[in-house]
Protein chains: 2
Amino acid sequence: MREGPDIARVASLVGDPARANMLNALMGGTALTASELALEAGVSLPTASSHLGKLMEGGLLTVASQGRHRYYGLAGPQVAGMIEAITGVAEAVGPKRVRPGPRDGAMRVARVCYDHLAGERAVAMLDRLVAKKILLRDDKEIRLGPATASHFAAIGIDVYTKPRRPVCRACLDWSVRRSHLAGTLGAAILDKILLEKWARREKNSRAVIFSPPGKQAFERVFLR
Amino acid sequence: MREGPDIARVASLVGDPARANMLNALMGGTALTASELALEAGVSLPTASSHLGKLMEGGLLTVASQGRHRYYGLAGPQVAGMIEAITGVAEAVGPKRVRPGPRDGAMRVARVCYDHLAGERAVAMLDRLVAKKILLRDDKEIRLGPATASHFAAIGIDVYTKPRRPVCRACLDWSVRRSHLAGTLGAAILDKILLEKWARREKNSRAVIFSPPGKQAFERVFLR
DNA sequence: AGAATGCTTCGATGAGGAACGAACTATGCG
DNA sequence: CGCATAGTTCGTTCCTCATCGAAGCATTCT
């Protein structure tokens with residue numbers, strides 16, 4: 001017998017298919033209502049409610065009541081990171097790539113990770129920002145540099161909007177094994193991409209699809 | 001309903017207390033026999049055997065038969081990383097730090113992570129190696145520099161012993177939120193530390209306890 | 001107020017799976 | 001060869017927990 005944090009408790013919360021589907025859906029970053037999550041998980045509303053209660057009690061979810069809606073979201077980036085880690089293992093040990101499929105391809109290129117962009121395109125972006133010394137990579141900790149604020153202001157992104165969370169964070173990608181940009185800045189960039197309609201969210205998926213002109217615009221702004 | 005890697009399957013494997021205990025024990029890095037794992041998990045041998053079968057089938061474990069013993073070990077660093085991630089969340093959401101206790105303190109300072117050293121001391125070591133430009137931190141990817149081989153040779157560590165795995169890897173710490181050195185080099189350094197008896201493994205725990213002279217030696221070699 | 005929607009609670013049902021003892025296979029020892 | 005040790009397989013028992021229908025709150029709309 002051994003001591004330590006109760007990892008079985010946390011893992012078993014993720015271990016139920018219905019709950020796993022819900023968490024997966026919430027990896028999209030937007031908070032969802034109980035009914036949406038029930039649909040997503042393929043269970044009835046009472047069942048979903050029960051699961052949500054357990055996830056709440058387990059500390060994996062937060063909830064915000066707005067009128068008669070209750071919006072559930074992931075409790076934080078650490079939880080999101082854990083799910084990505086589990087996804088990575090599941091991907092590795094899972095049925096030997098039955099069919100890579102276009103959906104998977106799109107996911108590899110660009111997808112939503114909690115509230116920011118992940119995938120090859122996101123990794124390339126971070127690399128470029130670091131190479132241009134707009135961001136400074138120290139440890140996994142990515143830091144702002146002297147040029148950061150002015151550079152993003154020129155693009156139309158205010159670096160210091162929401163002061164609660166760290167502005168910059170690195171987040172490990174499960175497809176590519178490198179890091180991409182998370183934190184409020186990462187979130188702001190994703191907002192920008194969607195707002196400018198450079199890309200759209202694939203319905204019921206974390207995939208992010210760039211339009212041809214959107215891809216060009218993204219490359220002009222972030223990869224040049 | 002949604003597609004993608006079967007994360008529930010993987011998580012539910014970790015979600016059983018007996019299996020979680022086994023995996024936790026294997027995070028110590030040494031492969032263990034079925035009986036040792038049964039003891040560790042607090043279940044009977046048949047039960048343990050059944051669990052081990054499931055973990056094998058799930059791809060989380062590897063086994064090496066030696067005579068009438070079967071040594072089980074984690075399937076790889078990715079699995080170890082996942083367990084650390086889950087541990088981090090469990091730590092964060094777990095019962096509000098009932099008593100930090102000396103055991104926890106020791107774990108924070110230095111512990112075994114799969115096959116290399118983790119904890120504050122390991123983080124400090126990596127920082128120092130990077131600051132001295134003996135290792136180069138690029139992305140999370142840590143790379144060898146021109147001075148690497150000679151520097152470690154002087155300490156008595158051959159950087160290029162086991163060519164199968166990457167020599168350098170960064171691994172995220174759940175206590176400190178920074179990275180430490182993994183890969184074969186990380187493993188070789190831990191070997192060195194234990195071989196020189198600078199530190200000993202706490203029995204039945206991942207904690208690594210440095211003796212006072214061992215701590216000094218470690219600091220002289222790695223932190224100066 | 002009454003009706004409609006969103007969600008939770010309660011209670012009953014049922015299935016999956018964790019547990020162990022007993023029997024079986026395999027390796028090592030004298 | 002027997003005997004001991006290490007592990008697995010089998011069968012049974014038992015309990016947890018996921019599931020849903022029905023009923024109960026809460027909020028908003030008309």
Side-chain angles (χ1 to χ4, degrees), chain A residues 1-2 6-26 30-75 90, chain B residues 1-2 6-26 30-75 90:
Chain A
M1 291 278 205
R2 81 190 11 264
D6 194 350
I7 125 175
R9 184 178 136 82
V10 174
S12 70
L13 282 173
V14 189
D16 176 86
R19 287 194 291 262
N21 282 332
M22 291 176 174
L23 291 169
N24 227 330
L26 291 173
T30 49
L32 299 171
T33 65
S35 357
E36 287 169 321
L37 287 167
L39 196 68
E40 200 69 46
V43 293
S44 74
L45 232 162
T47 305
S49 186
S50 155
H51 284 307
L52 290 170
K54 281 165 192 170
L55 288 170
M56 285 293 300
E57 198 187 335
L60 265 51
L61 256 43
T62 53
V63 67
S65 293
Q66 270 177 36
R68 58 182 163 181
H69 295 271
R70 311 200 69 189
Y71 285 93
Y72 289 92
L74 294 186
Chain B
M1 292 279 204
R2 88 189 5 266
D6 195 350
I7 123 176
R9 183 178 137 83
V10 174
S12 70
L13 283 174
V14 188
D16 176 84
R19 287 193 293 261
N21 282 333
M22 292 176 174
L23 291 169
N24 228 330
L26 292 174
T30 49
L32 299 171
T33 65
S35 359
E36 288 170 322
L37 287 166
L39 196 67
E40 200 69 47
V43 294
S44 74
L45 230 162
T47 306
S49 185
S50 155
H51 284 307
L52 290 170
K54 281 166 192 169
L55 288 170
M56 284 293 300
E57 198 188 335
L60 266 50
L61 257 42
T62 54
V63 68
S65 293
Q66 270 178 35
R68 58 180 165 183
H69 295 272
R70 310 200 69 187
Y71 286 91
Y72 289 93
L74 294 186

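Since we're looking at a predicted model, the values are computed, not measured. The sequence lines fix the lettering, A, B, ..., with proteins before strands; numbering per chain opens at 1.
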Handout entry: Sugar-phosphate only, base, or nothing, as touched by B:Ala48 at under 4.0 Å among non-hydrogen atoms
Key =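 Contact class for B:Ala48: none.
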
Practice task
Select base, sugar-phosphate, or nothing to describe what B:Ser50 touches, counting heavy atoms under 4.0 Å on all strands.
Solution key: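 No contact.
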
For [X] and [N], what is the distance between atoms [atom1] and [atom2] respectively, to the nearest whole Å?
| X | N | atom1 | atom2 | answer |
| --- | --- | --- | --- | --- |
| B:Asn21 | C:dA18 | CG | C1' | 14 Å |
| B:Leu45 | D:dT8 | CG | C1' | 9 Å |
| A:Leu39 | C:dG6 | CG | C1' | 14 Å |
| B:Arg9 | C:dG16 | CZ | P | 16 Å |
| B:His51 | C:dC20 | NE2 | C1' | 11 Å |
| B:His69 | C:dT27 | NE2 | P | 13 Å |
| B:Gln66 | C:dG28 | CD | P | 10 Å |
| A:Leu52 | C:dT8 | CG | P | 7 Å |

Problem - Nearest-0.5 Å distance that lies between atom CG in A:Leu55 and atom CG in A:Leu74 - result: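 The CG atom of A:Leu55 sits 9.5 Å away from the CG atom of A:Leu74.
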
Problem - A:Glu57 CD to A:Leu13 CG distance, which is reported to the nearest 0.5 Å - result: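 Between atom CD of A:Glu57 and atom CG of A:Leu13 there are 9.0 Å.
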
Are [X] and [N] close enough that a side-chain N or O sits under 4.0 Å from OP1 or OP2?
| X | N | result |
| --- | --- | --- |
| B:Lys54 | C:dG17 | no |
| B:Arg70 | C:dT27 | no |
| A:Tyr72 | C:dT8 | yes |

Minimum-distance nucleotide to [X] side chain [options: [options]]:
| X | options | value |
| --- | --- | --- |
| B:Ser35 | C:dG17, D:dG7, C:dT9 | D:dG7 |
| B:Thr47 | C:dA18, C:dT8, C:dA19 | C:dA19 |
| A:Pro46 | D:dG21, D:dT8, D:dA18 | D:dG21 |
| B:Arg68 | D:dA6, C:dA18, D:dC20 | D:dA6 |

Practice task
Determine yes or no for a side-chain-to-main-chain donor-acceptor pair under 3.5 angstrom, with A:Arg19 supplying the side chain and A:Ser12 the backbone.
Solution key: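 Flag set: sc A:Arg19 to bb A:Ser12 pair under 3.5 Å.
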
Practice task
Scan side-chain atoms only and decide if A:Thr47 and A:Ser44 contain a donor-acceptor pair under the 3.5 Å cut-off.
Solution key: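 Indeed, the side chains of A:Thr47 and A:Ser44 share at least one donor-acceptor pair under 3.5 Å.
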
Exercise for the section: Could you walk me through whether A:Met56 and A:Val63 pass the side-chain contact (heavy atoms from CB on, under 4.5 Å) test, one step at a time? Expected result: CA-CA 8 Å; A:Met56 285 293 300; A:Val63 67; 3.8 Å; yes

